[in-house]
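Model, not experiment: these values are computed from the prediction. Computed from heavy atoms alone, side chains included, the values below leave out hydrogens, waters and symmetry copies.
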Amino acid sequence: MAFAVETLSQSQRRMLVREATELATSMGALVAPPKTHSSHGRAREFVAAPISLIPACTPRTTFEASVIAQPLVSQLVDTLARSPTYLKNALQHTAAVDPFTGRLYDMYIGIVTEFPAFYQNEVMLGVIRNDFMFHLDSPTAGPETATVRHVETNTIAASMGGLAASVAKVHRTLYGGKFKGLFDVSEMPKNAVLEGIVDSFKIALDEYESMLKVQSIGMTSSPTVVMVVKPQEFNAFDQRLLEACAFERHGIVFHRLTLKYIHDHGQVTDDNVLTVTCPLTGAPLHVGLLYFRAGYSPEDFPTEDEWSARELVERSKAVKCPNLPYHLAGTKKVQQLLAQPDVIEEFLSPEQSAAVRATFAGLYSLDETEYSDGKQGLQQVIDRVLANPQDFVLKPQREGGGSNFYGDDVATKLNELTEGERKAYIVQDIIRPPSHRTLLLNDTEDGEEAEVVNELGIFGTIVSRAGGTVVENVAVGHLLRGKRITSAEAGVAAGHGFIDAVYLCPCKAPTCANDCCEAGTL
């Protein structure tokens, strides 16, 4: 954006930092720093979330195209989740060499083998976030040549919606109030991600109750929502914002429980209805929906108790967000396979397929069975990667940030892996986003100037009833994250990035290289 932090005097800059800190705190844009929790999991220290104080210019056409693509990806995930043959074929080799994916996969295969129509009869709910970045074809290319590239699809614990909504409010308040004139707040889109997510919860609960009635299963109490959380949660405030919105908007009460607690206090009835003992009253709770904000990494399953709890809830009639097929459909391996020629075209119309495929970065398998010329085809890919590791990212089947390999680490890791272990990874073309300078909130009164790049996430929700009929499929909000150009990862919860706010403009170049939307002055 055509705005230099240097245009602010020191006193103006410090006032901006102070105002943003207090607004962020009052609006719930908070995090609990690592290692500040008590022995029983309660955070003992809260700080303002890492945020940018200067909204990031985002081309309007690109933003709108990303929003349009979101429901198409959600539809694709829902279709795959009801296609056990596809998921089985897609993941069988990866599951054999990746222990965590293998446990999820084996649990899924066990269920569909015992009950082939199990997931056809389920109410399914997805809170899905698609992440995109702008891409330059070469390090010397100008920003005006940037195109949008898909980074990944998050089908479990797609987080930061609450914090993103709060940061959008912080920016609109700052630049519509005391700092009015620097930016046009009408070009800062409101972010209704919280409302959109909790509306999908209400729809899913209504569908769940209708399903029980059709199956002549009586209810002794109204179904409630369990948010599955970690014992010590860095991102509790993002979750609490969602919880508060659910109660204010629909009277939905959340119960925050760990997998361990569900193992110790949960059970299913003869009708496969899930109940769990309320930790406050000791009374049984009828669980109609489980919203997973944990369960996406091996660290969430330290004992067999957590695995038992995961299977207990999966086999129940409760709506799972996500259920196992949704979770597996979001793995890096499935995303790599979908990028192959003519694959998404099997599930989407030609027009829809073209819209989604236009955003794909190059994705490559490390499994020789997926190449027509077998080992020779795989070796050609490996040789390309080893020759220019800076042009690729090596990705395992993990969520949550901090697990990928970049630069020379790609070659080092690839050489360390055995032939079998490689099948647990995929390779992606590196995405080279244009950078810009911004002012970041930190623990100093002047903030921190930094050269950064951004990643745009679009949230969507999808609800489908037993039989596969889609009841709702909409884009509901956005998350703009950033990272310093010296950082490979952008995960805020993992401690690598910050949250930004979108500033829409008519230009085609991210960061407004041509000064087409000049920032104002105070």
Side-chain angles (χ1 to χ4, degrees), residues 23-24 27-31 49-52 55-56 58 60 62-74 77 125-132 151-173 185 187-204 225 227 235-250 252 254 289 291-293 321-322 330 399 454-463 472-482 490-493 497-504:
L23 282 171
M27 293 179 178
L30 297 166
V31 293
I51 68 174
S52 171
T58 306
R60 181 182 295 276
T62 302
F63 181 83
E64 292 173 348
S66 301
V67 172
I68 291 171
Q70 170 62 50
L72 302 180
V73 177
S74 295
V77 169
L125 166 64
V127 175
I128 298 170
R129 194 187 71 229
N130 274 306
D131 293 337
F132 303 89
V151 178
E152 63 181 356
T153 297
N154 302 274
T155 61
I156 181 169
S159 64
M160 297 293 166
L163 296 185
S166 293
V167 172
K169 290 179 183 178
V170 169
H171 278 237
R172 290 174 61 85
T173 302
V185 294
E187 300 297 344
M188 297 180 185
K190 293 182 180 179
N191 197 350
V193 60
L194 292 176
E195 293 84 351
I197 292 175
V198 301
D199 286 354
S200 74
F201 288 175
K202 178 63 167 62
I203 293 170
V225 175
M227 182 186 290
N235 205 19
F237 301 96
D238 178 62
Q239 299 165 4
R240 293 291 189 180
L241 291 167
L242 190 67
E243 180 181 345
C245 183
F247 182 76
E248 292 174 2
R249 197 167 175 86
H250 297 295
I252 296 174
F254 280 22
L289 190 158
Y291 173 49
F292 283 89
R293 292 297 291 262
C321 182
E399 303 297 333
N454 288 110
E455 180 173 304
L456 174 65
I458 304 296
F459 285 92
T461 61
I462 182 168
V463 181
E472 180 204 51
N473 182 15
V474 292
V476 296
H478 59 272
L479 164 68
L480 190 68
R481 291 178 295 174
V492 177
F498 59 88
I499 302 174
D500 211 332
V502 170
Y503 188 88
L504 296 177

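Residues Ala475 and Ile458 approach most closely at CB-CG2, 4.2 Å, considering heavy atoms. In this structure, Ala165 and Asn191 approach most closely via the heavy-atom pair CB-O, 3.7 Å. Across all non-hydrogen atoms, the minimal contact from Met188 to Arg172 is O-NH1, 2.6 Å. In terms of heavy-atom proximity, Thr153 sits nearest to Asn130 at OG1-OD1, 2.6 Å.
Looking at Thr461 and Glu472, their side chains do bring a donor and an acceptor atom within 3.5 Å of each other. Checked by atom type, the side-chain pair Asp500/His171 shows no donor-acceptor distance below 3.5 Å.
Judged by distance alone, the side chain of Ser74 and the main-chain N or O of Asn473 form no donor-acceptor pair under 3.5 Å. Between the side chain of Asn454 and the backbone N or O of Arg481, at least one donor-acceptor pair lies under 3.5 Å. No side-chain donor-acceptor contact under 3.5 Å links Asp131 to the backbone of Glu152. In this structure, the side chain of Arg293 does not engage the main chain of Ser159 through any donor-acceptor pair within 3.5 Å.
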Verdict with reasoning, Ile197 to Leu242, per side chain to side chain contact (heavy atoms under 4.5 Å, CB included) = CA-CA 8 Å; Ile197 292 175; Leu242 190 67; 3.7 Å; yes
Side chain to side chain contact (heavy atoms under 4.5 Å, CB included) assessment of Val198 paired with Phe247 = CA-CA 9 Å; Val198 301; Phe247 182 76; over 6 Å; no
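Remark: Phe459 engages no residue in a ring pair (Phe, Tyr, Trp, His ring centres under 6.0 Å) (not counting sequence neighbours).
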